[in-house]
Amino acid sequence: MNNQKLFREAYELLPGGVNSPVRAFKAVGGNPIVLTKGRGCRVWDADGREYIDFLASWGPLILGHSHPKVVKAVRKEVEQGMSYGLTNPHEVRLAKLVVEMVPSVEKVRFVNSGTEATMSAVRLARGITGRKLILKFDGCYHGHYDSLLVSAGSGVATFGIPGTPGIPDEIASLTLVIPYNDLEALRNVFEKHGNDIACAIVEPVAGNMGVVPPQKGFLKELRKLTKDYGALLIFDEVITGFRLAKGGAQELFSVEPDLTCLGKVLGGGMPVGAYGGRKELMERVAPEGDIYQAGTLAGNPVAMVSGVETLKELRDTEPYDELEGKMNLLKEGVGSILEDKGIPFRINQIGSMMTVFFTESEVKDFGTAKTSDTEMFSKFFKALLGRGVLIPPSQFEAWFVSTAHEQRDLEEALSRIEDAVKSL
Ligand SMILES: *Cc1c(COP(=O)(O)O)cnc(C)c1O
């Protein structure tokens, strides 16, 4: 079956033909593709077309597709058994790696997705502090949990409005939303509501409004204010964890949160999330403590070994400088191609993640990200796809490189991109 035929059937059976909205290509238009195979830095669709892949399954595949060590371990574990519903040894192995690699984590609970991780961390923070309010930053995405799927209304420090029908105003109004990287709004919101804030949750490097790094002092001030007011600081490192450094953004910026949410790279392509932190905080989680959270398939052995092999490889090879070098090459190549064509753009890059924004203004928060020309992005995306380069089908997402992208792959990608941009 080919792409078109499969999608026609998918539309009948799945809302929008997909199990996660962005996959439907609604933000860029055109026909979505169905992927059937991935090897290294490349994927193939149901029509047999090949693409150099910078989507990387939205971030998990830091070692590329089907890394031999990961595949071998998964295969072996599947033969052994797929799920027990009681503790298996690989949960302990993965927990050890997480605690060793992530600076602020002493104890960890595994869940099945990033959404579950943030939802559970927020519950824990509310349980510990006995407070109701949550502070989040406009444009940061923390999964689709009600309290976190909230957008900013107008004004600077504001109570959130539901990001979708189905979330009661009463729930959204417990979430405060302020702009990312805005120190003044940050100080104001703590001055006004600080004693009622259970936690502040932040992407320490934003990846879901496109890549937006924290400006100097932003994370440090956030750490200081949360501490001063007795609120917990949650780093949502679902993208940045194990990607920007062994210990994620908290290692890179030397700021230690109280709780950390993990996902994506953690499972090496299998559905795994986690939340963790200092012992005295995590000891409040049931059954050791009184704050309930559970999961039938949490700590699934097949998913755990995928994570174990992925983290071991990252710990032992520390490929972070190499990954950054690769992304630099891509960034500079794409930059000069766009410049030659006279298309205005800004590229935000940190380590192995970047976003090409089609705007002339510096992008430092969601407001400035939204100055991007999404029509231009959509043309760019389609031209790339037509020439065998897969990037995320939205202006407001990150491109990723993996250890499987070799220099010659990047050169090939750049020559395809040059061709694509010429056609615009
Ligand atoms: C992807 C993502 C999530 C949600 O993870 P899911 O596994 O899709 O539920 C949460 N936070 C951040 C920062 C993410 O990038």
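Remember, it's 1-based here, ligands and their atoms both numbered in the order they're listed.
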Are [X] and [Y] close enough for a salt bridge, meaning some N to O gap below 4.0 Å?
X	Y	result
K132	D196	no
E362	R346	no
E309	R75	no
R42	E50	yes

Within the 4.0 Å heavy-atom shell around [X], which atoms of ligand 1 are there?
X	answer
H142	10 (C), 11 (N)
S113	7 (O), 9 (O)
E203	13 (C)
Y141	11 (N), 12 (C), 13 (C)
I239	15 (O)

Tell me the protein heavy atom at minimum distance from [atom], and give that distance in Å.
atom	result
atom 11 (N) of ligand 1	D236 OD2, 2.6 Å
atom 15 (O) of ligand 1	K264 NZ, 2.6 Å
atom 8 (O) of ligand 1	T115 OG1, 4.5 Å

Below 3.5 Å, N or O to N or O, backbone or side chain included: is there any such pair between N208 and ligand 1?
yes
May I ask you to check whether G114 has an N/O atom sitting below 3.5 Å from an N/O atom of ligand 1?
yes
Taking E100 as the fixed residue, which of R315, K246, K312, R93 is the one that meets the salt bridge (Lys or Arg N to Asp or Glu O under 4.0 Å) rule?
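For E100, the salt bridge (Lys or Arg N to Asp or Glu O under 4.0 Å) check succeeds only for R315.
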Report yes or no: is the cationic atom of K370 (NZ for Lys, CZ for Arg) closer than 6.0 Å to the six-membered ring centre of F366, at no more than 45° off its axis?
yes
Tell me every residue that passes salt bridge (Lys or Arg N to Asp or Glu O under 4.0 Å) with D228, counting only those two or more places apart in sequence or in another chain.
K224
